[in-house]
Structures are given as C-alpha cells and as structure tokens.
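This report refers to the structure that appears directly beneath it.
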Amino acid sequence: MADLILVRHGETEWSRSGRHTGRTDVPLTERGRDQARRLAPALRQLRVAAAFASPLQRAQETAELIGLTGVRTDPDLQEWDYGGYEGVTTARILRERPHWFLFTDGVVPGPADRPGESPEQVGARADRMLAKVEAEAAGAGAEEVVVLVSHGHFLRVLTARRLGLPASSGALFQLSTGTLCRLGTEHGRPVIAEWNVRPPA
C-alpha cells in the first residue's frame, strides 16, 4: 500500500476548550487556519495519488488551505459520533463517571440524528476507509501517497486498525490539531513513519 498521510484539521473553538466535537460543524479559528497554512509546504513536497476529506467544514477548509486539489469527500472520515457527549468536556463527564474512558467505554446515546458510536463501530468505519484507500493506492507509483484529512479521535482509531490493533488502541496515539502523520511500511508490515508533526511557526 502507498504511504498514508494523515492530517488532523486545525484548531476550532471547541477543540481549544476541550469539548467533544463530533458531528457539530464548527469552523476553524484563525489560529486553526494558520496551523493549516503552515502544513502546506510539507504537502507540496509530496506526490499525491489521491486525497480524501471528511465532509465537515473544519476538515474541508483544512484540505483547501494545505493546497490539496481533487479532494474527494467521504462520510467515513467523519469524527466519532459522540452521541450524548457531543459538546461536553472530558472533565465534566468524569464528574459523573469517574472511570470513563472514550476508547473503551464509548458514549451515551444522543438524539436520533446523533445516536453515538461504540469504539467497535468507529473501528469498522476506519476499516471501510482503509479498504477504499487500499483500492485507490493499488495503482499508485512507488513514491506516491494518499492523503486523509480528518479528525483526531477518528484518525487515532484508523491508525490502530492500520497497524492491526483493536480500535481501543487508538488511545495510544496522541494527536494535536494542525498536525501531519505518515503511516508507511517496513519489511512489508505497517509502521508509523512520522507522528504528530507540527511545522515550525
């Protein structure tokens, strides 16, 4: 498989304040736009075979600001559906559930349009996305990459699944806003080649 370049969108007001931002379509802050622009030089150095982005505006705008063209929108790249925890901070959840952990416990149900997802459901979505990427990358050249512009928790789960780990292992991979990661191979096995890379200011 071609290397995967993972881009987490830039900062939003909700990411800055620690609110779980799943399907709420919040825009980037000015700092988030600047984070995305600073990634552009790194992307220009790559030969991009295909690019995909979440349909949410924070990912779409990031994809535009980093200079990607021909980006395909895919709903499987959306952030974790946090259900009843949408917009709620971890600190507030822990006051009610002191031992709660997203990657193992999932979320409580929300309204009909935001029912929530379990870690396994997010993992299944990541598997679907990886299958699409693999099909796309089959015809890519040796030096070409596939770029995914998405969200923090989803990309952490996708990384775990790419490495053959359970979705809950996404907990191991801290991922900041406005950063770039590279998933490659070594001796035919998937590896993390670069992680949570933030370009210099």
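These numbers come from a predicted model, not from an experiment.
- Between the Thr185 side chain and the Gly188 main chain, no donor and acceptor come within less than 3.5 Å of each other.
- Counting heavy atoms from C-beta on, the side chains of Leu56 and His151 come closer than 4.5 Å.
- With salt bridges taken as basic N to acidic carboxylate O contacts below 4.0 Å, one links Glu11 and Arg16.
- A 4.5 Å side-chain heavy-atom check between Asp81 and Arg114 finds at least one atom pair inside the cut-off.
- Between the side chains of Glu79 and Thr21, no donor-acceptor pair of N or O atoms lies under 3.5 Å.
- Closest approach of Leu158 and Leu4 over heavy atoms only: CD2-CD1, 4.5 Å.
- A heavy-atom distance below 4.5 Å is found between the side chains of Gln78 and Arg125.
- In this structure, Leu155 CG and Asn196 CG are separated by 11.0 Å, a value rounded to the nearest 0.5 Å.
- Under the 4.5 Å side-chain heavy-atom criterion for Ile, Leu, Val, Met, Phe, Trp and Tyr, Val191 and Ile5 are members of distinct hydrophobic clusters.
- Trp195 pairs in a side chain to side chain contact (heavy atoms under 4.5 Å, CB included) with only one of the listed residues (Thr159, Leu180, Thr179), which is Thr159.
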task: Could you go through the side-chain contact (heavy atoms from CB on, under 4.5 Å) check for Glu13 and Val26 one step at a time?
output: CA-CA 8 Å; Glu13 291 288 353; Val26 294; over 6 Å; no
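- Taking every heavy atom of both residues into account, Glu86 and Thr24 meet most closely at OE2-OG1, 2.5 Å.
- Put simply, the side chain of His20 reaches to within 4.5 Å of the side chain of Thr90, judged on heavy atoms.
- In this structure, Phe52 CZ and Glu136 CD are separated by 4.5 Å, a value rounded to the nearest 0.5 Å.
- Linking ILVMFWY side-chain heavy atoms closer than 4.5 Å, directly or via other members, places Phe154 and Leu183 in a single hydrophobic cluster.
- You'll find the side chain of Gln121 stays beyond 4.5 Å of the side chain of Pro115, heavy atoms only.
- Using a 4.5 Å heavy-atom cutoff, the side chains of Leu163 and Phe173 are in contact.
- With hydrogens and angles disregarded, no donor-acceptor distance shorter than 3.5 Å links the side chain of Arg47 to the backbone of Glu144.
- Interatomic distance, His9 NE2 to Leu28 CG, rounded to the nearest 0.5 Å: 7.5 Å.
- Here the side chains of Val122 and His153 are not in contact, with every heavy-atom distance at 4.5 Å or above.
- The hydrophobic cluster containing Tyr85 also contains Leu102, counting ILVMFWY residues as joined when their side-chain heavy atoms lie under 4.5 angstrom apart, directly or transitively.
- The hydrophobic cluster containing Leu46 does not contain Val197, counting ILVMFWY residues as joined when their side-chain heavy atoms lie under 4.5 angstrom apart, directly or transitively.
- Considering CD of Glu120 and OG of Ser168, their distance stands at 7.5 Å, rounded to 0.5 Å.
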Can you give the donor-acceptor pairs under 3.5 Å from side chains of residues 61-69 to other protein atoms, not counting sequence neighbours?
residue	atom	partner	partner atom	Å
Glu61	OE2	Arg33	NE	2.6
Thr62	OG1	Gly10	N	3.3
Thr62	OG1	Arg58	O	2.7

Test log, rule side-chain contact (heavy atoms from CB on, under 4.5 Å), inputs Arg182 and Val145: CA-CA 9 Å; Arg182 188 176 190 128; Val145 300; 3.4 Å; yes
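- Here the OG1 atom belonging to Thr177 is positioned 6.0 Å from the CZ atom belonging to Arg31, to the nearest 0.5 angstrom.
- If you take CG on Asp76 and CE on Met129, they are separated by 7.0 Å, rounding to the nearest 0.5 Å.
- A chain of hydrophobic side-chain contacts below 4.5 Å, direct or via other Ile, Leu, Val, Met, Phe, Trp or Tyr residues, connects Leu39 to Val48.
- Residue Gln57 qualifies as enclosed at atom CD: its count of foreign heavy atoms under 6.0 Å is above 12.
- Asp34 and Arg38 make their closest contact through OD2-NH1, 2.7 Å (heavy atoms, listed as atom of the first residue, atom of the second, distance).
- Residues Leu175 and Cys181 meet the side-chain proximity criterion, which asks for heavy atoms closer than 4.5 Å.
- Aromatic ring pairs are classed by plane angle as parallel below 30°, tilted from 30° to 60° and perpendicular above 60°; the pair Trp80 and Tyr82 is parallel.
- Among all heavy-atom pairs drawn from Ala140 and Ala49, the shortest one is CB-CB, 3.9 Å.
- Within a 6.0 Å sphere centred on CZ of Arg189, other residues, nucleotides and ligands contribute 12 heavy atoms or fewer.
- Side chain of Arg19 to main chain of Trp14: no donor-acceptor pair is present (N/O by atom type, distance under 3.5 Å, no hydrogens or angles).
- Arg92 CZ: 12 or fewer foreign heavy atoms inside a 6.0 Å radius.
- The shortest heavy-atom contact between Ser176 and Arg198 is CB-NH2, 3.2 Å.
- In plain terms, the two heavy atoms of Ser54 and Leu77 that are nearest each other are CB-O, 3.4 Å.
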